[in-house]
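The next block holds one structure in the form of structure tokens; read it before the comments.
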Amino acid sequence: MKINRLALITSIGLVLIIIATACNNKKAMNGSKELADTDQHYSDLSAERGMNTAFLAMFDTSGVLLRANHEPIEGIAAIRKLILSQSDSTFELTWEPEFAKIASSGDLGYTYGKYKVIDKATDSVSGEGTYCTIWQKQDDGSWKAMLDTGNPGLGRKK
């Protein structure tokens with residue numbers, strides 16, 4: 001039986017494309033858990049050592065922080081100035097990633113989820129909302145935040 005050479009080459013090419021795509025998707029899926037774990041790590045750091053410490057540790061030097069009623073805060077120096085101008089000793093900010101996705105290139109990703117602010121004096125929820133963080137993989141393999149934003153307003157229904 002004679003095999004059509006063009007059909008064979010096309011079939012092999014399609015198989016290779018399918019394998020490459022499956023490998024990239026598996027890499028992205030594995031990386032998504034790593035990214036969610038990184039996001040959770042910074043929330044844990046915020047609970048243990050305060051929001052200021054966590055935010056200064058998680059941002060890339062060229063990161064951007066978006067906050068309501070404020071121009072974008074660009075770069076770690078500006079973020080540091082804003083963050084350190086406010087005490088974080090009266091509240092505890094934590095968040096929980098609900099979703100993480102990494103680009104097939106493996107160098108960019110994002111997480112989103114819900115955050116909660118606890119008033120330390122009353123041990124009650126004083127604020128809650130949603131957030132989204134865009135991450136970039138660093139040369140050392142770690143992830144740093146390139147852009148972070150939150151949206152308050154998940155008030156509890158009474």
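- Within the 4.5 Å cutoff, no side-chain heavy atoms of D60 are placed close to those of I76.
- When atom types are taken as modelled, the side chain of T149 and the backbone of C132 share no donor-acceptor pair closer than 3.5 angstrom.
- In this structure, L45 is a member of the same hydrophobic cluster as M58, with clusters built from ILVMFWY side-chain heavy atoms closer than 4.5 Å.
- Residues satisfying the side chain to side chain donor-acceptor pair (under 3.5 Å) test with S87, not counting sequence neighbours, are S89.
- Considering all non-hydrogen atoms of both residues, A47 and T94 come closest at CB-CG2, 3.7 Å.
- For K144, the NZ atom is densely surrounded, since the number of other residues' heavy atoms within 6.0 Å is greater than 12.
- In this view, D119 satisfies the side chain to side chain donor-acceptor pair (under 3.5 Å) rule with no residue, not counting sequence neighbours.
- Partners of N52 according to the side-chain contact (heavy atoms from CB on, under 4.5 Å) rule, which considers only residues two or more places apart in sequence or in another chain, are I83, L84, D88.
- Side-chain contact between F91 and M51 is present, with heavy atoms from C-beta onward closer than 4.5 Å.
- Atom NZ of K120 sits in a crowded spot, with more than 12 heavy atoms from other residues, nucleotides or ligands closer than 6.0 Å.
- D148 pairs by the side chain to side chain donor-acceptor pair (under 3.5 Å) definition with R67, T133, not counting sequence neighbours.
- With a 6.0 Å radius and a threshold of 12 heavy atoms from other residues, nucleotides or ligands, E71 has its CD atom at or below the threshold.
- For S124, the side chain to side chain donor-acceptor pair (under 3.5 Å) partners at least two apart in sequence or on another chain are T122.
- Of the possible polar contacts, one joining the T38 side chain to the E34 backbone as a donor-acceptor pair under 3.5 Å is found.
- Annotation: the span from Q136 atom CD to L108 atom CG amounts to 5.5 Å, rounded to 0.5 Å.
- Annotation: the span from L147 atom CG to I73 atom CD1 amounts to 10.0 Å, rounded to 0.5 Å.
- Atom CG of D140 is surrounded by more than 12 heavy atoms from other residues, nucleotides or ligands within 6.0 Å.
- Between F55 and R80 the shortest side-chain heavy-atom distance does not fall below 4.5 Å.
- Within the structure, every pair that satisfies the salt bridge (charged side-chain N to carboxylate O under 4.0 Å, His left out) test and touches residues 36-45, not counting sequence neighbours, is listed here: K33-D37.
- A donor-acceptor pair shorter than 3.5 Å cannot be found between the side chains of Q40 and W95.
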* Assess whether ring pair (Phe, Tyr, Trp, His ring centres under 6.0 Å) is satisfied between Y131 and Y115, documenting all intermediate values. => CA-CA 7 Å; Y131 75 93; Y115 72 83; 7.3 Å; no

